[in-house]
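The structure appears right after this line, and notes come after that.
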Amino acid sequence: MAAQNAAVDSTADSVRDREIAVEQTHLDQVYRRLEEKIHEAEFLMNDAAKRGQVGTPGALAERDAQVFRAGIHLNRLNNEFEDFLFGRIDLVLGKDGERGADGAYTSVEPADDAIREDLTADIAETLHIGRIGVLDSDYTPLVIDWRAPAAAPFYRSTPKEPGRVVRRRVIRSKGRKVLGVEDDLMRPEVTAFQDGRELPAIGDGALMAALGRARTHSMRDIVSSIQAEQDLVIRAPAASVAEVAGGPGTGKTAVALHRAAYLLYQDRRRYSGGILIVSPTPLLVAYTEGVLPSLGEEGQVAIRALGSLVDGAEATTYDSPAVARIKGSSRMLKVLRKAVRGALELGGAPDRLRVVAFGRRQELEADELNRIRQNVLSGTAPVNLLRPRARKLLLDALYAKSGGAGRHSDPELAAELRSAFDEDISTEDAFIGFLDAWWPELTPRTVLAALADERHLGRWSRRDLNPRETRQLARSLRRVGPDGKGPLSVHDVALLDELQLLLGAPARPKRRREMDPLDQLSGLEELMPTREETQWERAERLSAERTEYAHVIVDEAQDLTPMQWRMVGRRGRHGTWTVVGDPAQSSWTDPEEAAAARDEALGSRPRRRFTLTVNYRNPAEVAEVASRVLRLAMPGMEPPSAVRSTGLEPRFTAAAGDLGTAVREETRRLLEQVDGTVGVVVAMDRRAEAAGWLADLGERAVALGSLEAKGLEYDATVVVSPAEIADESPAGLRVLYVALTRATQQLTVVSADRDKPDADGVPELLLP
Ligand SMILES: Nc1ncnc2c1ncn2[C@@H]1O[C@H](COP(=O)(O)OP(=O)(O)OP(=O)(O)O)[C@@H](O)[C@H]1O
């Protein structure tokens, strides 16, 4: 019997080896073609460099453009050289037998006679799928870009709805070497033939192999194993708003990133306006940053944390939940509106204006000045932009007092007199000094600093915040210092953005440019690089200055506060949107207020809703423990179904003495058991302490505050004192749900006394 099994194994091995060799031959052919293309690009670069020596402005511009294009080309090819061919589908003949622009048959359904009555069929087409498309010199497709319509069956086909696909294959390769293949049969009942030989099926499927891999500190793309329900979202038309809901681990972040790459592929011109991906934390940005380059997309997509959305501001701290709740609430809008007006009067605004006009002293008293200020402020324009109007009304009032208005009946002479008067006064030092103090140019940071004074804030917030909230808010803003340049919190950044809008951009001094002969040619300026700036620098500068995007993708959307929705909304006023989130993971306490702000940001655009239902991250054993908290946090809400099981039950331990020692021990144990990362999730207040606990355990172990764990995942996690996390804020149970759903393999829960663990160490909150 053993001998018979060995024979079967060796036959299987030889079929596998043969299939690997088949794919290797194809990959070799693709690399040969890629090398040819790289030579072409290099030739372009050299040719362009030669033109540069000619030196006329036209030749210079052409050179720049060519170098730019060839550079991108080369860069993409080099980047995608690693592991770029990952899939293959074998298909039977399509219904109409027609081919599309990429050379592949277009029909999704099989021809009537494609599968014979005896359930045999011939493979009519084999397509290889990769990160970019590669055509052979005769334009036959060697590799189809994963985003091309012809690649859709690779993702969409299921045994239930196979379409033309008989076999789907995932190819694993490293560099130029094919390492393995994993096949799924979409029509297991059919025996298919290719070149007279029966089509074999190898391996246990690619998805499980991908899910079981150890995690590092960077997210991987899922391009070789996107599932059908995810593919529907990735390829959804971008006409309006795609709203994607799904529990933890259903691939929302992965889908959002792949969608960005897909949209760019579909319509690069339309999305030249840029795609913005908004992430809740810098940790999640760092975690996901590598995915788009691995999909061949860089440059057009900006991934920004909520705390880095405003240029020149970078959030480095977190507010307590109570303060976050105040700063995030839409009530702040009214407070800020009053603050920008009120801030004008701070800094010792003079209560009298004295100037000399036409040789006589003119004065405006406090009540007149006040009337003028109120009159100007009755306008809705941003406060800094109202300054010219304030100046004009001051001059009007002074002119009226001077009696100049009645001096000439001739309108022309009267106008001349008035203009001489205005010029006389507005160049006077006393007037200039007065205006600067009485209507200062405000910056968002100075107003934010002004809010830190409880007396001032009390005046502006009287109707909208209670005295306790006012005190808490003022105290928290003291951190930003008198000039507003101190450390900012994530929620401060949304306030700064709102203030920027309410104040209007302060007039920036224009950058001086050297004289350029091309400046005389109208219209060319936009096309031509200036002397001080290369095309590359210019592209970088434009993307840094960009504040509006063609498409905005919001990840972890359930967490945006109303003020953050306003900030993000402004960045996609004219764009289309993809919004992904899970209400059960929301750390925001007032979901209705946030929903209203979200509706306002998304406007009346039609919405398409999608739901993702399968948890690819957590083993069933971990998901079951997390679902106990979901029941408490969101009664009636169904968790997604976990796709795999490890047989490893989560471990519960009650810290007998020092909590730190227990956590350290558990972390050390897990580090021995998994190859990848271990995340230790603690209440926000314990972050620094927890970092100390893990100090010498190496880079694979990371301590995180509960809010920082958003969107991340680790091979194993240690969740420390569930009760402490749950008690942190009114949304604490949902935050705990997030913490419990980070593990891809193992979960350990360490309880403290307040968790009231039972005899087995299971904390009260996690009892079945
Ligand atoms: N089709 C897939 N093939 C392979 N891996 C997948 C697939 N879909 C999701 N994953 C993996 O599952 C994990 C969870 O994905 P992701 O982080 O995108 O989920 P999420 O819905 O954003 O989770 P959360 O709401 O908890 O942040 C990741 O490791 C991701 O790579």
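Numbers here are sequence positions counted from 1. This is a predicted model, so every value here is computed, not measured. Just so you know, ligand 1 is whichever comes first in the structure, and atom 1 is the first atom listed for that ligand.
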Report each N/O pair between ligand 1 and the protein that falls under 3.5 Å, naming both atoms.
| from | atom 1 | to | atom 2 | distance (Å) |
| --- | --- | --- | --- | --- |
| ligand 1 | 1 (N) | Ser225 | O | 2.7 |
| ligand 1 | 1 (N) | Gln230 | OE1 | 2.9 |
| ligand 1 | 3 (N) | Ser225 | O | 3.4 |
| ligand 1 | 3 (N) | Ser225 | OG | 2.7 |
| ligand 1 | 8 (N) | Gln230 | NE2 | 3.0 |
| ligand 1 | 17 (O) | Arg617 | NH2 | 3.0 |
| ligand 1 | 18 (O) | Thr253 | N | 3.2 |
| ligand 1 | 18 (O) | Ala254 | N | 2.8 |
| ligand 1 | 19 (O) | Gly251 | N | 3.0 |
| ligand 1 | 21 (O) | Thr250 | N | 3.2 |
| ligand 1 | 21 (O) | Thr250 | OG1 | 3.4 |
| ligand 1 | 21 (O) | Gly251 | N | 3.1 |
| ligand 1 | 21 (O) | Lys252 | N | 2.8 |
| ligand 1 | 21 (O) | Lys252 | NZ | 2.7 |
| ligand 1 | 22 (O) | Lys252 | N | 3.4 |
| ligand 1 | 22 (O) | Thr253 | N | 2.9 |
| ligand 1 | 22 (O) | Thr253 | OG1 | 2.9 |
| ligand 1 | 23 (O) | Gly249 | N | 2.9 |
| ligand 1 | 23 (O) | Arg617 | NH2 | 3.1 |
| ligand 1 | 25 (O) | Lys252 | NZ | 2.6 |
| ligand 1 | 25 (O) | Gln585 | NE2 | 2.9 |
| ligand 1 | 26 (O) | Gly249 | N | 3.3 |
| ligand 1 | 26 (O) | Arg617 | NH1 | 2.8 |
| ligand 1 | 26 (O) | Arg617 | NH2 | 3.3 |
| ligand 1 | 26 (O) | Arg742 | NH1 | 3.2 |
| ligand 1 | 26 (O) | Arg742 | NH2 | 2.7 |
| ligand 1 | 27 (O) | Glu556 | OE2 | 3.0 |
| ligand 1 | 29 (O) | Arg215 | NH2 | 3.1 |
| ligand 1 | 29 (O) | Glu713 | OE1 | 3.2 |
| ligand 1 | 29 (O) | Glu713 | OE2 | 2.3 |

Revision key, fill the gap. Taken in chain and number order and not counting sequence neighbours, the residues that satisfy side-chain hydrogen bond (donor to acceptor under 3.5 Å, both in side chains) with Tyr287 are Glu713

Check your understanding: Do the charged groups of Lys252 and Glu556 touch, with an N to O distance under 4.0 Å?
Key -> no

**Study point:** Aromatic ring pairing His26/His128, orientation class (parallel under 30°, perpendicular over 60°, tilted between)
**Key:** parallel

Practice item. List the steps and the verdict of side-chain contact (heavy atoms from CB on, under 4.5 Å) for Leu733 and Val629. Key: CA-CA 7 Å; Leu733 278 175; Val629 172; 4.3 Å; yes

Check your understanding: salt bridge (Lys or Arg N to Asp or Glu O under 4.0 Å) with Arg598: which residues, sequence neighbours excluded?
Key -> Glu243

**Study point:** Any pair counted as ring-ring contact (aromatic ring centres under 6.0 Å, His included), so long as it reaches residues 703-722, sequence neighbours left out
**Key:** none

